[in-house]
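What follows is one structure encoded as structure tokens, with my remarks underneath.
Predicted, not measured: the structure shown is a model, and the values here were computed from it.
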Amino acid sequence: MHLTPREQERLTLFSAAELARRRLARGALLGATEAVALVCDEILEMAWDGTPIETVVERAGGIVPRDRLLPGVAEAVPSIQIEALFPHGSSLVHVPEPFGPAGATGPGAVLVAGGEAELAPGRPRTTLDITNRGPREIWVSSHFPLEETNAALDFDREAARGHRLDIPAGTSVRFEPGRTLTVTVVARGGDR
């Protein structure tokens, strides 16, 4: 028998899901791999049966109860995404927190010390007035070189050269059309 890669993947997923079912039947706890496989297998079967995608997502979150998982599995699997074949065609099914919300101190949690932490200590800072002259809001992320931002942002680009917004990594600032914001900028570090 010749199987396509998609068919081989489906059979592998089914095998792992069957392992999960056997373990659950004898009272064993599931690890991340078999728990995800079981949820995915059930999603694919519901899709095959023509269950509406909203219902599939709703039901998927209750397939494996959290108390049937090894510690840390819910934290290790913040979401599941799988492409499922529905009668109308393929759709990506996204299930957020399939095993419930992550614990505040579980594996992968970020534990911070008390107090304040100075960002980019010792680097020169200044303030700039930035006006969005464009028709749409513009977002600038934490480490984007200011002199290279959207041309609709009006500010002293020469004064901004070598600087970025003085905000925590991974965050951004929204500049609304026609509005001026006064922002603090910090000199970028590194060799570039």
Side-chain angles (χ1 to χ4, degrees), residues 30-37 39-40 43 53-54 56-58 60-64 66 69-84 91-192:
L30 300 182
T33 302
E34 57 268 22
V36 169
V39 172
C40 289
I43 288 171
I53 193 167
E54 299 82 16
V56 171
V57 171
E58 183 181 314
I63 291 171
V64 181
R66 190 182 188 117
L69 300 170
L70 289 169
V73 171
E75 289 79 10
V77 185
S79 68
I80 292 177
Q81 292 184 354
I82 186 165
E83 186 178 343
S91 289
L92 180 67
V93 178
H94 173 85
V95 181
E97 298 180 329
F99 310 117
T105 59
V110 176
L111 304 176
V112 295
E116 295 286 320
E118 182 183 358
L119 302 177
R123 292 201 190 142
R125 288 171 166 72
T126 190
T127 59
L128 289 174
D129 290 332
I130 301 179
T131 304
N132 181 354
R133 304 270 185 224
R136 294 181 183 88
E137 64 184 24
I138 297 171
W139 291 82
V140 178
S141 62
S142 57
H143 284 69
F144 196 83
L146 279 178
E147 67 271 15
E148 296 177 21
T149 58
N150 190 310
L153 292 179
D154 183 20
F155 60 97
D156 184 349
R157 289 184 185 265
E158 199 50 46
R161 187 166 304 285
H163 289 77
R164 64 174 177 82
L165 293 173
D166 189 16
I167 58 177
T171 62
S172 58
V173 172
R174 178 178 67 174
F175 295 91
E176 295 182 31
R179 308 234 12 222
T180 300
L181 281 180
T182 301
V183 296
T184 302
V185 297
V186 61
R188 293 191 306 265
D191 297 331
R192 256 181 121 209

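- Summarising the geometry of Ile43 relative to Val95, their closest heavy-atom pair is CD1-CG2, 3.8 Å, with the distance given to 0.1 Å.
- Here the shortest heavy-atom pairing between Arg123 and Ala187 reads CD-O, 3.0 Å.
- Within the 4.5 Å cutoff, side-chain heavy atoms of Val140 are placed close to those of Leu153.
- Here the OG1 atom belonging to Thr184 is positioned 11.0 Å from the CD1 atom belonging to Ile167, to the nearest 0.5 angstrom.
- The closest side-chain heavy-atom distance from Leu181 to Val173 is below 4.5 Å.
- Distance alone, capped at 3.5 Å, places no donor-acceptor pair between the Arg133 side chain and the Ala151 backbone.
- With contacts defined as side-chain heavy-atom distances shorter than 4.5 Å, the pair Thr149/Leu146 qualifies.
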Worked verdict on Val64 versus Leu30 for side-chain contact (heavy atoms from CB on, under 4.5 Å): CA-CA 9 Å; Val64 181; Leu30 300 182; 4.1 Å; yes
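- Expressed to the nearest 0.5 Å, how far OG1 of Thr182 lies from CZ of Phe155 amounts to 13.5 Å.
- The shortest heavy-atom contact between His94 and Ser79 is CE1-CB, 3.6 Å.
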Derivation of the side chain to side chain donor-acceptor pair (under 3.5 Å) call for Thr131 and Thr180: CA-CA 4 Å; Thr131 304; Thr180 300; 2.5 Å; yes
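- Nearest heavy atom pair, residue Arg157 against residue Asn150, reads NH2-O, 2.8 Å.
- Listed for the Glu147 side chain is no donor-acceptor partner under 3.5 Å among the backbone atoms of Glu158.
- For the atom pair CD1 (Ile130) and CZ (Phe175), the distance works out to 4.0 Å, reported to the nearest 0.5 Å.
- Side chain of Asn132 to main chain of Arg136: a donor-acceptor pair is present (N/O by atom type, distance under 3.5 Å, no hydrogens or angles).
- The shortest non-hydrogen separation linking Phe144 to Arg164 is O-CB, 3.9 Å.
- Between Ala169 and Ser142, the shortest heavy-atom distance links the atoms CA-OG, 3.5 Å.
- Within the model, atoms CG of Asp166 and OG1 of Thr126 stand 11.0 Å from one another, a figure rounded to the nearest 0.5 Å.
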